[in-house]
Student: 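Okay, here's the structure, questions in a sec.
All values below come from the heavy atoms of this structure, side chains included, with hydrogens, waters and symmetry mates left out. Order of appearance sets the numbers: ligands from 1, and atoms from 1 within every ligand. Residues take their numbers from the sequence shown, with the count starting at 1.
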Amino acid sequence: MPDHETTTPTPDLPRRRVVVLSGGVGGARFLHGVARALPADDVTAIVNTGDDLAHWGLSISPDLDTVMYTLADLADEARGWGLLGETFGALEMMRRYGGDAWFSLGDRDLATHLVRTQALAAGATLSEVTRRLCLAVGVPQRVLPMTDGSCRTRIDTADHGALPFQDWFVRLRTAPEARRVWFDGDPPPAPEVIPAIRAADLVLFGPSNPYVSIDPILDRPGVREAIAGKPVVAVSPIVGGQAVKGPLAAMIATIEGEPASAAAVARHYGGLIAGMVVERGDEGAFADDPALRGIRVLATDTIMGDEAGRLRLARETIAFAATV
Ligand code: FO1
């Protein structure tokens, strides 16, 4: 796989302006493929910020950073978050001081949060500082936070009440059963979000968690309406009844009361999607459910094992989305 500087957009794909809705790792890897398949000007990522948190006095936007690091080829792919070649010296000292050490901020990653925090304190918007960070690490695609305002994901649990997302996800390792997901704050989308969707030929939902990654974006006022007239295709984050990564399979069971499946994700998106890309073997449930018969399905290999796999899935999804 060539470096991204030398990668040429796929010649046999027609020119399409694509918007990808994304959470962290799954969406970021899919975006990496889309970014290698199309000219940079044609790709806009709209990224969940419901996972954002203030920690050690810093403004942290995990999904924006995962997308940025992945597109810049700087991500630690094995860990699934943070930077490649990271060290955790500051975290070790924090632990010695008896400070909060449950959320692991790496030494190099700290620079990202320091720049963001300073810029926000000086009056920049999250959109502006994200653009600045992306340009600095060589990401030419447009990466937009879903909002410049505050919208925080909360997980209602039986034993611990309503938890901030990262408390549930990292500190408690998703152990408390998730009963409901809701968003604290209802800010408008960031200024470029609706114009980007209006200008798009295709809208793709990355293989991200629908409850905690895609829904917070869709719930920004005006986003569902802007998406409604577009060809929308979702890539399934569920493969053969299992989540590729993270707590989604358990969430479908506890929130919807049904086993995890690509079809359950499609039902959750309701009439919003015209097509879904699923793992081979997962397509049968779509034909069986009258509610899903209107959704076109592409069954393919959706596990993005390596960069070639991401690029292939991106090309197949874009070509498929042009037909829905
Ligand atoms: N995930 C973890 O499981 N443990 C961590 O300590 C952790 C730290 C962390 C720091 C910065 C960052 O950008 C992401 C980090 N993540 C960590 C990942 C993050 O919690 C989740 O991947 C996303 O919020 C879900 O998409």
Student: Determine, for Arg310 against Glu316, whether the closest basic-nitrogen to carboxylate-oxygen distance falls under 4.0 angstrom.
Tutor: no
Student: Evaluate Tyr69 against Asp109 for side chain to side chain donor-acceptor pair (under 3.5 Å), listing each step before the verdict.
Tutor: CA-CA 10 Å; Tyr69 294 156; Asp109 190 36; 2.5 Å; yes
Student: Take His160 and Asp167, measure what side chain to side chain donor-acceptor pair (under 3.5 Å) needs, and give me the verdict at the end.
Tutor: CA-CA 10 Å; His160 294 75; Asp167 277 71; over 6 Å; no
Student: Which one of Asp65, Asp52, Thr130 satisfies the side chain to side chain donor-acceptor pair (under 3.5 Å) criterion with Arg116?
Tutor: Asp65
Student: Which pair of non-hydrogen atoms, one from Trp182 and one from Ala162, has the smallest distance, and what is that distance?
Tutor: CZ2-CB, 3.9 Å
Student: Which heavy atom of Phe30 sits nearest a heavy atom of Ala314, and at what distance?
Tutor: CE1-CA, 3.9 Å
Student: Mind jotting down which protein residues get a heavy-atom contact under 4.0 Å with ligand 1? Chain and number order, please.
Tutor: Gly24, Asp51, Pro62, Asp63, Trp81, Trp102, Phe103, Ser104, Leu105, Asp109, Phe165, Gln166, Phe169, Val170
